[in-house]
2 protein chains.
Amino acid sequence: MSSQTVHPGTGIPARRKQSAKGSQRHIDPGAEIGLDALAGHAGYAVRRFQLWIFQDFIRTLAAVDIKPTQYSVLTVIGANPGLSQMAVAKRLGIERARLVHLLDSLERRRLVKRVQSATDRRSHALHLTAQGQESLRKFKRLAAEHERHVSDKIGKENRERLLQILSCFT
Amino acid sequence: MSSQTVHPGTGIPARRKQSAKGSQRHIDPGAEIGLDALAGHAGYAVRRFQLWIFQDFIRTLAAVDIKPTQYSVLTVIGANPGLSQMAVAKRLGIERARLVHLLDSLERRRLVKRVQSATDRRSHALHLTAQGQESLRKFKRLAAEHERHVSDKIGKENRERLLQILSCFT
DNA sequence: GAACAATTGTTGTCGTCAACAACAATCTTT
DNA sequence: AAAGATTGTTGTTGACGACAACAATTGTTC
């Protein structure tokens, strides 16, 4: 029962608990609680960061009611008009079943249109409407503002370093 | 209509589309599709990375049937025995309503026990069982193996840089 | 000390999301 | 032409975050 003071991988000693069982009354909760091995796990840090970054994105683009997934779909279609739903789904790593509902919503808002493909009558060629192209430019300006929030939070150079480290996943 | 060729923040030019509308037949899907501004967004990269890292964690710890959230709860309780549910929830950023079900599951598996607090009869003091402490040591070994997978994927030094950049979120 | 407000654990609902499975229409292969 | 694969669609399931309500208990205020 002494192996949980230090965890393998990183040499970070576990913060010693100041309360074996009692005396957590009147203590500001969530202030002096050690994470032990968790502090050395990339997954935990990334999860917390992703939560923060998505919340900020949603808040920054709340006025136009565009969420991260919708933004990614619009951006890819805008850069590659004529793509099929399958191609978009694979490129963005979302299921084609889910993309159906996303496109339904975007099509109802007149941002995207499904055009019958000339070469494959099973698939739809995806395009932005004129309104969609105009709106996307506005979305990109707001997204750039969100990205500045990220820079303010972790630092401009750290943000670029992060993008470089994770470039193999995009 | 020229603002989407280059996005602000990074100097990465948008990959020019090679297919205005046709000729995506017989093309390996998801191979030559540009992301445009998406490549410069930290949120997108982080989301893809988190997906990968969680899948690897779940796969690596599949034999013991422990998922990331469960592991985080066990680790925090192991390092801070006697904590209340509220304190654990706040520390990990999960809702106390959700922690109830997590603890129900962990208690059924005899890894955690809820002890009536001596100082506050509303709250429960959380402890690992003897079996829970033993199991957690095994979980940590497997989690360290998962962390090695991360190092293999993005590089050992990049992983440590990442942890340092995101340390303000842990 | 009694009344009121705040906290803790619990239960429930709602909306989002990933992971599947099944299906009809269509394309490809043999 | 027949068999198999692909595309879009619909549906289900389970995990998850957010939120509201509630009983029991504690803290605060008069």
Q. Closer than 4.0 Å, any side-chain N/O of A:Q85 to the OP1 or OP2 of D:dT6?
A. no
**Q.** Distance test, side-chain N/O of B:R121 to OP1/OP2 of D:dG27, below 4.0 Å
**A.** no
Would you kindly give the [atom1]-to-[atom2] distance between [X] and [N], to the nearest whole Å?
{"X": "B:H101", "N": "C:dT11", "atom1": "NE2", "atom2": "P", "result": "7 Å"}
{"X": "B:L106", "N": "C:dG9", "atom1": "CG", "atom2": "C1'", "result": "16 Å"}
{"X": "B:L99", "N": "C:dT8", "atom1": "CG", "atom2": "P", "result": "13 Å"}
{"X": "A:Q50", "N": "C:dT16", "atom1": "CD", "atom2": "P", "result": "17 Å"}
{"X": "B:M86", "N": "D:dT26", "atom1": "CE", "atom2": "P", "result": "17 Å"}
{"X": "B:Q116", "N": "D:dA24", "atom1": "CD", "atom2": "C1'", "result": "12 Å"}
{"X": "B:D120", "N": "D:dA24", "atom1": "CG", "atom2": "P", "result": "16 Å"}
{"X": "B:F54", "N": "C:dA19", "atom1": "CZ", "atom2": "C1'", "result": "16 Å"}

Q: Quick one: list whatever passes side-chain hydrogen bond (donor to acceptor under 3.5 Å, both in side chains) with A:Q85, sequence neighbours left out.
A: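 Listed in chain order: A:R114, A:H124.
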Q) Which other residues belong to the hydrophobic cluster containing A:V100, where Ile, Leu, Val, Met, Phe, Trp and Tyr are joined when side-chain heavy atoms lie under 4.5 Å apart, directly or via other members? A)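 None; A:V100 is a cluster of one.
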Q) Less than 6.0 Å separating the ring centroids of B:Y71 and A:H41? A)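 Centroid separation for B:Y71 and A:H41: below 6.0 Å.
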Q: Determine, stepwise, if the pair B:I66 / B:L74 fulfils side chain to side chain contact (heavy atoms under 4.5 Å, CB included).
A: CA-CA 10 Å; B:I66 287 290; B:L74 290 175; 4.2 Å; yes
Please list, for nucleotides 17-21 of chain D, all pairs of protein and nucleotide N/O atoms separated by less than 3.5 Å.
| unit_1 | atom_1 | unit_2 | atom_2 | d |
| --- | --- | --- | --- | --- |
| D:dG17 | OP1 | A:R47 | NH2 | 3.2 |
| D:dG17 | OP2 | B:R98 | NE | 3.1 |
| D:dA18 | OP1 | A:Q55 | NE2 | 3.2 |
| D:dA18 | N9 | B:E95 | OE2 | 3.4 |
| D:dA18 | N7 | B:E95 | OE2 | 2.6 |

(Q) Please evaluate residues A:K140 and B:D36 with respect to the criterion salt bridge (charged side-chain N to carboxylate O under 4.0 Å, His left out), reporting the C-alpha separation (whole Å), side-chain torsions for both, the decisive distance (0.1 Å), and the verdict. (A) CA-CA 11 Å; A:K140 285 185 178 179; B:D36 195 50; 2.6 Å; yes
Q) B:L111 and side chain to side chain contact (heavy atoms under 4.5 Å, CB included): which partner among B:L136, B:L106, B:L103? A) B:L106
Q: Nearest-nucleotide wise, let me know which of B:R122 and B:K67 is further upstream toward the 5' end of DNA chain D.
A: B:K67
Q) Cationic tip of B:K153 within the cone over B:F49's six-membered ring, i.e. under 6.0 Å and within 45° of the normal? A)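 The answer is no; the distance or angle limit is not met.
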